[in-house]
A.B. asks: 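Mind looking over this structure? Questions follow.
Residue numbering restarts at 1 for every chain, and letters A, B, ... go by the order of the sequence lines.
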2 protein chains.
Amino acid sequence: MDSETKKILDVVVENGYRLTSARLAIITALVNSAEHVTADDLADKVRQQAPHVGRMTVYRTLDLLCELGIVRPIYQGTGAAHYILMAKGSHHHLICNRCHGVIEFEECFAAMLIEEMAKRFDFHISSHLLEIHGLCENCYE
Amino acid sequence: MDSETKKILDVVVENGYRLTSARLAIITALVNSAEHVTADDLADKVRQQAPHVGRMTVYRTLDLLCELGIVRPIYQGTGAAHYILMAKGSHHHLICNRCHGVIEFEECFAAMLIEEMAKRFDFHISSHLLEIHGLCENCYE
DNA sequence: CTCCTCAATGATACAAAGTATCAATGGTAT
DNA sequence: ATACCATTGATACTTTGTATCATTGAGGAG
């Protein structure tokens, strides 16, 4: 098993939730997915390996992972919510308003200020997401 | 008319889109709305002033404003997309993973680094959104 | 290891959110 | 004032998300 998968399962168990075969299948599929997935996309993917898993369970598991701060739904263009893994740390995106393309970069520069804000509001951080919006090279003619 | 509303209309016209009564009604309602609205919430609100405006038009106008970088859909808890106004500048949210509450703060600290990133990728910024995820005071017992 | 309990599941049915289509309308350039 | 074409709104539809509840199986107690 992927160590990333294992880490997520540990968080689930540590928080008093049961380790079921459905959750294992869903989390495995999620970790092995692309940058972002739709709930229904993920359900399809899970069923390729574990046909018995219901759609509802995928939705519920994503909600749970969201509450545990492992996953975050974002809007990619429009339509269904796309889930991104926050477990690995944080995300920094340059998003084009026209073509909806996403450029990702790693630098976590804001760390200090984020922590200060958290302290001010007595907030317990698990991750963060920075989205910078505008037009990409191609769409800005 | 609100100067904020006017500014948005200008952007619409500058980009070659027509200034219709439906768009005027929708943008006015949007500017006068709370921090974030659902597409259907906005449609209801618009119809109080301009009953003839159809739901489709609200959806289409929100898409347009999104493309122009004036508005941004985010996921608030779950369900429908919530739109936030990016026109005024940027947004910084502390979001609770459990109760989905949002604390907003103003400090725009990362300006310098955001601009550097934009330069590196030849990206033309219109706004940014920083989401910090975790548990709020109440949900972290 | 076996039993028991209750969290978790999955089937079903439903509600809400978003999309496609197209004839009719009305902004705006001329 | 006219004509063109972007925009609209009505309708019908698909997709996405939610509620319910009888059944199941994970994991602690004995």
Side-chain angles (χ1 to χ4, degrees), chain A residues 8-30 36-68 71-83 100, chain B residues 8-30 36-68 71-83 100:
Chain A
I8 295 173
L9 291 174
D10 284 349
V11 176
V12 170
V13 172
E14 276 162 22
N15 280 273
Y17 296 99
R18 291 185 179 173
L19 177 42
T20 67
S21 67
R23 284 182 179 153
L24 176 58
I26 292 166
I27 292 170
T28 301
L30 182 64
H36 47 76
V37 233
T38 282
D40 281 330
D41 286 350
L42 186 61
D44 289 344
K45 193 165 180 182
V46 167
R47 290 219 197 78
Q48 289 173 13
Q49 300 298 323
H52 63 95
V53 175
R55 199 169 75 104
M56 255 325 297
T57 303
V58 175
Y59 274 86
R60 277 187 290 230
T61 301
L62 284 170
D63 275 355
L64 174 63
L65 295 180
C66 192
E67 187 169 314
L68 296 175
V71 125
R72 163 75 185 157
I74 61 169
Y75 220 98
Q76 191 88 6
T78 181
H82 289 241
Y83 289 85
H100 300 132
Chain B
I8 295 173
L9 291 174
D10 284 349
V11 176
V12 170
V13 172
E14 277 163 20
N15 280 272
Y17 296 99
R18 291 185 179 173
L19 177 43
T20 67
S21 67
R23 282 179 181 156
L24 175 59
I26 292 165
I27 292 170
T28 302
L30 183 64
H36 46 76
V37 232
T38 281
D40 282 328
D41 287 350
L42 186 61
D44 289 345
K45 192 166 181 181
V46 168
R47 290 219 197 80
Q48 290 173 14
Q49 300 298 322
H52 63 94
V53 176
R55 200 169 74 104
M56 258 322 298
T57 303
V58 175
Y59 274 87
R60 277 187 290 230
T61 302
L62 285 170
D63 275 356
L64 174 62
L65 295 181
C66 191
E67 187 169 297
L68 296 175
V71 125
R72 162 75 182 152
I74 61 170
Y75 262 90
Q76 191 86 7
T78 181
H82 289 243
Y83 289 84
H100 301 132

A.B. asks: Given D:dG9, D:dT7, C:dG18, identify the nucleotide with an atom nearest to the side chain of B:T57.
C.D. replies: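 My answer, after comparing the listed nucleotides, is D:dG9.
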A.B. asks: When you match B:G16 and B:G79 each to their closest nucleotide on DNA chain D, which lands nearer the 5' end?
C.D. replies: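 Per heavy-atom nearest nucleotide, the more 5' residue is B:G16.
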A.B. asks: Please tell me which of the listed nucleotides, D:dG25, C:dG27, D:dT8, lies nearest to the side chain of B:T20?
C.D. replies: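 My answer, after comparing the listed nucleotides, is D:dT8.
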A.B. asks: What is the distance, rounded to the nearest whole Å, between atom CG of A:D63 and atom P of C:dT9?
C.D. replies: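 Rounded to the whole Å, the gap is 12 Å.
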A.B. asks: Expressed in angstrom and rounded to an integer, what is the separation of A:L62 atom CG from D:dT18 atom C1'?
C.D. replies: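 In whole Å, D:dT18 C1' lies 14 Å from A:L62 CG.
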A.B. asks: Map B:V53 and A:L19 onto DNA chain D by nearest heavy atom, then report which one ends up closer to the 5' terminus.
C.D. replies: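 Nearest-nucleotide comparison on DNA chain D picks B:V53.
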A.B. asks: Rounded to the nearest Å, what distance is computed from the CE atom of residue B:M56 to the P atom of nucleotide C:dA17?
C.D. replies: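 After rounding, the gap between these two atoms is 16 Å.
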A.B. asks: Report yes if at least one side-chain N or O of A:R23 is closer than 4.0 Å to OP1 or OP2 of C:dA8; otherwise report no.
C.D. replies: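 It does, given that an N or O in the side chain of A:R23 lies less than 4.0 Å from OP1 or OP2 of C:dA8.
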A.B. asks: Assuming nearest nucleotide by heavy-atom distance, tell me which of A:A22 and B:A80 is located more 5' along DNA chain C.
C.D. replies: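 Upstream on the strand: A:A22.
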A.B. asks: Round to a whole Å and report the spacing from CG of B:L24 to P of C:dG27.
C.D. replies: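 Value for this atom pair: 11 Å.
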A.B. asks: Counting side-chain heavy atoms from CB outward, which of C:dG10, D:dT8, C:dA8 is closest to A:R60?
C.D. replies: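 Of all the options, the side chain of A:R60 is nearest to C:dG10.
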A.B. asks: Is any N or O donor-acceptor pair between the side chain of B:R55 and the base of D:dG9 shorter than 3.5 Å?
C.D. replies: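 Donor-acceptor pair under 3.5 Å: no.
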A.B. asks: Using whole Å, what does the distance between atom C1' of nucleotide D:dA12 and atom OH of B:Y59 come to?
C.D. replies: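 Going from B:Y59 (OH) to D:dA12 (C1'), I get 15 Å.
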A.B. asks: Which nucleotide in the set D:dC5, D:dG17, C:dA7 lies at the smallest distance from any side-chain heavy atom of A:R18?
C.D. replies: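 Of all the options, the side chain of A:R18 is nearest to C:dA7.
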A.B. asks: Whole-Å distance between C:dG27 C1' and B:L9 CG?
C.D. replies: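 Result: 14 Å.
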A.B. asks: Describe the nucleic acid contact of B:Y83 in one word from base, sugar-phosphate, nothing, applying a heavy-atom distance below 4.0 Å.
C.D. replies: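 No contact.
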A.B. asks: Would you find a donor on one side and an acceptor on the other, under 3.5 Å apart, between the side chain of B:R72 and the backbone of A:Y75?
C.D. replies: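 Between the backbone of A:Y75 and the side chain of B:R72 there is a qualifying donor-acceptor contact (under 3.5 Å).
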A.B. asks: Classify the angle between the aromatic ring planes of B:H82 and B:H36 as parallel (below 30°), tilted (30 to 60°) or perpendicular (above 60°).
C.D. replies: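 Geometry flag for B:H36 against B:H82: perpendicular rings.
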A.B. asks: Less than 4.5 Å apart, any side-chain heavy atom of A:L9 and any of A:Y17?
C.D. replies: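 The answer is no; the side chains never approach within 4.5 Å.
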A.B. asks: Would one find a side-chain N or O of A:Y75 under 4.0 angstrom from OP1 or OP2 of C:dG18?
C.D. replies: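 For A:Y75, the contact criterion (side-chain N or O under 4.0 Å from OP1 or OP2 of C:dG18) is met.
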A.B. asks: Please assess B:V46 against B:L30 for the test side-chain contact (heavy atoms from CB on, under 4.5 Å), listing each intermediate value before the final yes or no.
C.D. replies: CA-CA 8 Å; B:V46 168; B:L30 183 64; over 6 Å; no
A.B. asks: In whole angstroms, how far is the P atom of D:dG17 from the CD atom of B:Q76?
C.D. replies: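 Computing the B:Q76:CD to D:dG17:P distance gives 15 Å.
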A.B. asks: Let me know the distance between CG of A:D41 and C1' of D:dT15, rounded to the nearest Å.
C.D. replies: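 One finds 12 Å between C1' of D:dT15 and CG of A:D41, rounded.
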A.B. asks: Are any of A:H52's side-chain N or O atoms less than 4.0 Å away from OP1 or OP2 of C:dG10?
C.D. replies: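 So the side chain of A:H52 is within the cut-off, an N or O lying under 4.0 Å from OP1 or OP2 of C:dG10.
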A.B. asks: Is A:T20 reaching over with its side chain to a backbone N or O of A:R23, donor-acceptor style, under 3.5 angstrom?
C.D. replies: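 At least one qualifying donor-acceptor pair exists.
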